[in-house]
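Lettering follows sequence order; numbering is per chain, from 1. Note that the structure is predicted; figures quoted are calculated from it, not measured.
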Protein chains: 2
Amino acid sequence: MSEKIPTIKEIAQKLNISISTVSRALHDHPSIGLRTKMQVQKLAAEMNYEPNQTAIQFKQGKTFTIGLILPNLMEEYFSLAINGVEQVALENNYNVLIGQSHDDLEREQKILDTMRRHRVDGVLVSISKQTNSIGHFEQLEKYNIPVVFFDRVPNVPHIHSVWCSLYDSTIDALELLFKKGHRRVAYIQGPLSLNIKNERLEGYYEAHKHNKIPINESLIVTTDLSKAVTEKVFEKLMLLKDKPTAILAFNDTVALDTIQYAKKMKLKINKDISVVSYANWPITSYLDYPPIASVEQFPNDQGARATELLFKLLDSKSPEDLVAVGNIVLKSKLIVH
Amino acid sequence: MSEKIPTIKEIAQKLNISISTVSRALHDHPSIGLRTKMQVQKLAAEMNYEPNQTAIQFKQGKTFTIGLILPNLMEEYFSLAINGVEQVALENNYNVLIGQSHDDLEREQKILDTMRRHRVDGVLVSISKQTNSIGHFEQLEKYNIPVVFFDRVPNVPHIHSVWCSLYDSTIDALELLFKKGHRRVAYIQGPLSLNIKNERLEGYYEAHKHNKIPINESLIVTTDLSKAVTEKVFEKLMLLKDKPTAILAFNDTVALDTIQYAKKMKLKINKDISVVSYANWPITSYLDYPPIASVEQFPNDQGARATELLFKLLDSKSPEDLVAVGNIVLKSKLIVH
DNA sequence: AGAATATAAGCAAACGATTGCATAATTTGT
DNA sequence: ACAAATTATGCAATCGTTTGCTTATATTCT
């Protein structure tokens, strides 16, 4: 029934040679004669020999594993990012250890602890909404474990990051609305985290400024992304004297909750109210009234680029290299439906 | 900048005791005196000592890691299952290594290879659509690495599995439709895999038999889950002389593609045609015309139960135990919207 | 006090692979 | 044919931790 897993020791015994010779033969070391090399490789294949990774990991002080910490797998956005990460990792013969913070700081730290104990070679992370300090990540770098932040990047200096700029696309989105005649565009923003750059809002301001449309601060409202709060703030918006004719929604969750509620209020979508959003759900194509445009952030790309950056950091042992690699900013794109 | 990671050896040197004493002190071994124990634990804490997992893994021949192989993370169903798995794993201080087969057999095997090489202690798997033999899994069990199949379970004997029976709920779903007066219910089934039990179809037959409604084989059609094919088979159904008034859809992908296309054909949803489906997308609540009912399969539960079963297998070293544990079948539930 | 017992700590091997250095075996040059 | 150069192989330490067995120290009993 259960077989013993073969080791180089057994190969060495059967061939009456030393284990070092076997090891070198399997690695095509030049100082091993052709005959021996062939013999060893043949026997190894016959015995289904496979090097014991745990032994190698231990000896080399490397696990060939990277940790990937995400807020959530439910968000399609992150599931897509994983694909990019996995692909690059696979190309480099690395494994990926995934952990979900569920937007909980304590859990994020706990996951990081487990990963550190398991001696991952590097960490990729999209921080939780609660994360307001990156002390726990800095601690990793003390032990020479590089950390690359992606997508949700803390707004602090001297970190390695990959993220997608939303500034230009936000401006594009508003230009689109302005061009369609909208003058009162509300922005339903997500939870304010001091640590994430607020490019949506910056773009919102800039687009207004550029088009010489005055900002009405009461059109900027905040939701915690829950359905209830989104509905409440939307209702408040529609009770304004100067109510908006269009909505810039923080993401598709907010957009869909808004659209659903608007319909309940008997508003005509795309007539009384238009919605533009930031894409995280591809499902919107099944809706009768999807947002008229979305900002696409190319999660797969972001994941891949972040992983490539991490491998660059892993390759460079000297601390000077690490400082030089820096940050990568990708471009988002407005997709008009 | 970069610190060296402390080991028990250093602790031993600083306290002028042996490493075995340190090791035992940290493990609360009874043969270590209280004074020494305290000293060691205090110093270890001060030095931020953390046991080197790679060394332990190597020594113990255990990685405290389970492999989880899924067809796809895009399907919300599997993302939810992961949560159940993660939770149970965390409770047992285990890590989870996730791999996506993308419904590709070759990839499934490759992932399994990597996991075997990394010496995972056990494997959880929901097989790919292409998987028509389980040889690659049986090979694992030869090395005493238990395998638990879940959700998509191959239809072969002598395996450990956790899955959710769809039989009863399928009957419930059809009863619901029959009660609403439908007499011609089409079934759009997914790709036929010889290795997965076809409970949907069995339920479909049984419900008809029980209600003495004759089966019309032309109402049973097959899609490969692509939008194009789903639309084609639906169109063919609607061209029948005795066209159906309701559809039992293989899953929400099929259901939504069907509904979308029906609307394009100017059919009135829930009047000309009603749809019942198997839940994999919670998003359906945002639709104007969602399926009238869905069969819920409780992915989180399934994941958790499967992981518990795997741990049971890991705990029992004797091969007899392994045979006894067997299979777990959960119940699905019809949710009427 | 001296032997028997209980308590505390250390020695050394083991896990599987890698690798610098030494040594053995073979070939080449003269 | 013998030294020199080349090629092939082996020895042994190492990574950090665990653990069976031995030994040293302290306590208890008679």
Side-chain angles (χ1 to χ4, degrees), chain A residues 3-41 43-44 47-65 93 116-121 143-145, chain B residues 3-41 43-44 47-65 93 116-121 143-145:
Chain A
E3 286 174 32
K4 221 184 121 261
I5 300 181
T7 68
I8 49 171
K9 200 184 197 172
E10 290 161 44
I11 298 181
Q13 279 169 348
K14 292 206 188 190
L15 293 177
N16 244 320
I17 55 181
S18 78
I19 55 168
S20 33
T21 304
V22 175
S23 174
R24 283 190 255 254
L26 292 170
H27 285 88
D28 249 339
H29 193 281
S31 86
I32 299 297
L34 189 59
R35 182 182 9 260
T36 329
K37 209 177 271 183
M38 302 274 277
Q39 275 182 348
V40 169
Q41 289 176 355
L43 182 59
M47 295 174 69
N48 279 318
Y49 168 78
E50 277 184 348
N52 183 338
Q53 282 294 331
T54 63
I56 295 174
Q57 285 175 18
F58 169 52
K59 178 79 207 312
Q60 314 274 294
K62 287 181 75 183
T63 53
F64 307 100
T65 301
N93 286 312
R116 182 160 34 79
R117 273 199 298 273
H118 271 253
R119 298 286 201 272
V120 294
D121 294 343
Y143 291 130
N144 264 332
I145 303 176
Chain B
E3 285 172 33
K4 223 186 120 260
I5 299 181
T7 68
I8 48 171
K9 201 184 195 172
E10 291 162 41
I11 298 181
Q13 279 168 348
K14 292 207 187 192
L15 293 178
N16 245 320
I17 56 180
S18 77
I19 55 169
S20 33
T21 303
V22 175
S23 173
R24 283 190 254 253
L26 292 170
H27 285 88
D28 251 338
H29 192 279
S31 87
I32 299 297
L34 189 58
R35 188 190 355 269
T36 330
K37 210 177 270 185
M38 301 275 276
Q39 275 183 348
V40 169
Q41 288 175 355
L43 182 60
M47 296 174 68
N48 278 317
Y49 168 77
E50 278 184 346
N52 184 337
Q53 283 294 331
T54 63
I56 295 173
Q57 285 174 20
F58 168 52
K59 179 79 208 310
Q60 314 273 295
K62 286 180 76 182
T63 53
F64 308 99
T65 302
N93 285 313
R116 181 160 34 80
R117 273 198 298 272
H118 272 252
R119 300 286 200 270
V120 294
D121 294 343
Y143 292 130
N144 264 332
I145 303 175

Give a yes/no on whether any side-chain N or O of [X] is located under 4.0 angstrom from OP1 or OP2 of [N].
X: A:Thr36; N: D:dT9; answer: yes
X: A:Tyr49; N: C:dG16; answer: no
X: B:Ser23; N: D:dT19; answer: no
X: B:Thr21; N: C:dG10; answer: yes
X: A:Lys9; N: C:dC15; answer: yes

Does the side chain of [Y] come within less than 4.5 Å of [X]'s, by heavy atoms?
X: B:Val22; Y: B:Leu15; answer: no
X: B:Thr63; Y: B:His118; answer: no
X: A:Ile56; Y: A:Lys59; answer: no
X: A:Leu43; Y: A:Gln39; answer: no
X: B:Asp28; Y: B:Gln41; answer: yes

Rounding to a whole Å, what distance do you find between [X]:[atom1] and [N]:[atom2]?
X: B:Asn16; N: C:dG10; atom1: CG; atom2: C1'; result: 13 Å
X: B:Ile17; N: C:dA9; atom1: CD1; atom2: P; result: 8 Å
X: B:Leu15; N: C:dG10; atom1: CG; atom2: C1'; result: 15 Å
X: A:Arg24; N: C:dT18; atom1: CZ; atom2: C1'; result: 8 Å
X: A:Leu26; N: C:dT19; atom1: CG; atom2: C1'; result: 15 Å
X: A:Ile11; N: C:dG16; atom1: CD1; atom2: P; result: 13 Å
X: A:Arg119; N: D:dT17; atom1: CZ; atom2: P; result: 8 Å
X: A:Gln60; N: D:dG16; atom1: CD; atom2: C1'; result: 15 Å

Q. When you match B:Val22 and A:Asn52 each to their closest nucleotide on DNA chain C, which lands nearer the 5' end?
A. B:Val22
Q) Between B:Gly33 and A:Thr7, which is nearer to the 5' end of DNA chain C once each is assigned its nearest nucleotide? A) B:Gly33
Q: Quick one: label B:Ile56 by what it contacts on the DNA or RNA (base, sugar-phosphate, nothing), any heavy atom closer than 4.0 Å.
A: sugar-phosphate
Q: Would you check if B:Phe58 stacks with the base of D:dT17, given a 5.5 Å centroid limit and a 30° plane limit, both strict?
A: no
Q | Per A:Ile19 side chain, nearest of listed nucleotides C:dA17, C:dC15, D:dA8 | A | C:dA17
Q. Nearest of C:dA9, D:dG10, C:dA17 to any side-chain atom of A:Ser18?
A. D:dG10
Q. What about A:Thr54, does its side chain sit under 3.5 Å from the base of C:dC15 through a donor-acceptor pair?
A. no
